[in-house]
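Before anything else, here's the structure in question.
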Amino acid sequence: AQGWEQRTAETEYEFEDLFLDVLTGAKVNGSQLTGTCPFHDDQNPSFSADIGSGGWTCHGCHEHGNAYEFLRKLADSNLLLPDGFSEYVY
């Protein structure tokens, strides 16, 4: 599979799909997305992501990274990977 940095036209669409599939209450505002973090008990949206780059940060648990690292953390946490994204992890 191609690395995230090699993706072209579909990258932004896939990043948005990835985060929207996983985050509860996710909202998109331009190229920014916010929602509750899947990695801790999050009552208020503390997770933010840049759809264009795939970079993300949780201001609650202080986890952060790129889209690939997000997928790895989901897998390592035994959380369900969205359809079509497991090829980037395994």
Side-chain angles (χ1 to χ4, degrees):
Q2 291 180 349
W4 286 105
E5 65 282 352
Q6 297 172 358
R7 304 306 295 247
T8 55
E10 76 261 17
T11 300
E12 188 169 318
Y13 178 75
E14 289 187 6
F15 289 157
E16 184 173 354
D17 284 349
L18 167 63
F19 294 121
L20 287 174
D21 282 354
V22 174
L23 301 178
T24 302
K27 295 182 180 165
V28 177
N29 184 9
S31 67
Q32 297 296 309
L33 184 144
T34 59
T36 56
C37 181
F39 306 120
H40 68 97
D41 185 22
D42 196 5
Q43 301 302 315
N44 297 309
S46 62
F47 185 99
S48 62
D50 182 282
I51 295 169
S53 71
W56 59 276
T57 297
C58 176
H59 303 285
C61 67
H62 306 290
E63 292 286 342
H64 60 88
N66 62 32
Y68 177 76
E69 292 165 328
F70 181 75
L71 288 169
R72 289 295 310 166
K73 183 146 180 70
L74 286 173
D76 291 346
S77 300
N78 293 319
L79 296 171
L80 185 63
L81 292 172
D83 289 340
F85 285 96
S86 61
E87 69 184 84
Y88 299 107
V89 179
Y90 303 108

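If you're wondering where the values come from, they're calculated on a predicted model, not measured in any experiment.
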Exercise for the section: Return each pair, listed once, that meets salt bridge (charged side-chain N to carboxylate O under 4.0 Å, His left out) where at least one residue sits in residues 23-36; pairs must be two or more places apart or across chains. Expected result: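 Qualifying pairs, neighbours excluded: none.
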Exercise for the section: Indicate the atoms forming the closest heavy-atom contact of Gly54 with Phe19, along with that distance. Expected result: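 So the minimum-distance heavy-atom pair works out to O-CZ, 3.7 Å.
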Practice task
Report the distance from atom OG1 of Thr57 to atom CG of Asp50, rounding to the nearest 0.5 Å.
Solution key: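 It is 10.0 Å, given to the nearest 0.5 Å.
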Problem - Where Glu63 and Lys73 come nearest, the two heavy atoms and their spacing - result: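 Taking every non-hydrogen atom into account, CD-CE, 3.3 Å.
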Practice task
Measure from the ring center of Phe47 to the ring center of Phe39 and say whether it is less than 6.0 Å.
Solution key: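 No, ring centres 6.0 Å or more apart.
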Exercise for the section: Give the minimum heavy-atom separation between Glu16 and Leu33, together with the two atoms involved. Expected result: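 Scanning both residues completely, I find the closest heavy atoms to be O-CD1, 4.5 Å.
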Problem - Non-hydrogen side-chain atoms of Asn29 and Thr34 separated by less than 4.5 Å - result: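 Side-chain contact under 4.5 Å: no.
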Problem - Point-to-point distance, once rounded to the nearest 0.5 Å, from CG of Asn44 to NE2 of His59 - result: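 So the CG of Asn44 and the NE2 of His59 are separated by 13.0 Å.
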Handout entry: Shortest non-hydrogen contact from Cys58 toward His40
Key =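 So the minimum-distance heavy-atom pair works out to SG-NE2, 3.2 Å.
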Exercise for the section: Output, in order, the C-alpha distance, side-chain angles, deciding distance and verdict of side chain to side chain contact (heavy atoms under 4.5 Å, CB included) for Thr24 and Asp42. Expected result: CA-CA 10 Å; Thr24 302; Asp42 196 5; over 6 Å; no
Handout entry: Minimum side-chain heavy-atom gap Cys37-Trp56 below 4.5 Å
Key =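 The answer is no; the side chains never approach within 4.5 Å.
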Exercise for the section: Measure across Gly52 and Phe15 and return the closest heavy-atom pair with its distance rounded to 0.1 Å. Expected result: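 Taking every non-hydrogen atom into account, O-CE1, 3.7 Å.
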Exercise for the section: Given side chain to side chain contact (heavy atoms under 4.5 Å, CB included), test Leu71 with Leu18 step by step and report yes or no. Expected result: CA-CA 9 Å; Leu71 288 169; Leu18 167 63; 3.4 Å; yes
Practice task
Quick one: do Ile51 and Gln32 satisfy side chain to side chain contact (heavy atoms under 4.5 Å, CB included)? Show the steps, please.
Solution key: CA-CA 6 Å; Ile51 295 169; Gln32 297 296 309; over 6 Å; no
Handout entry: Minimum heavy-atom distance Thr36-Leu23, with the two atoms named
Key =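 Minimum heavy-atom separation between Thr36 and Leu23: O-CD2, 3.3 Å.
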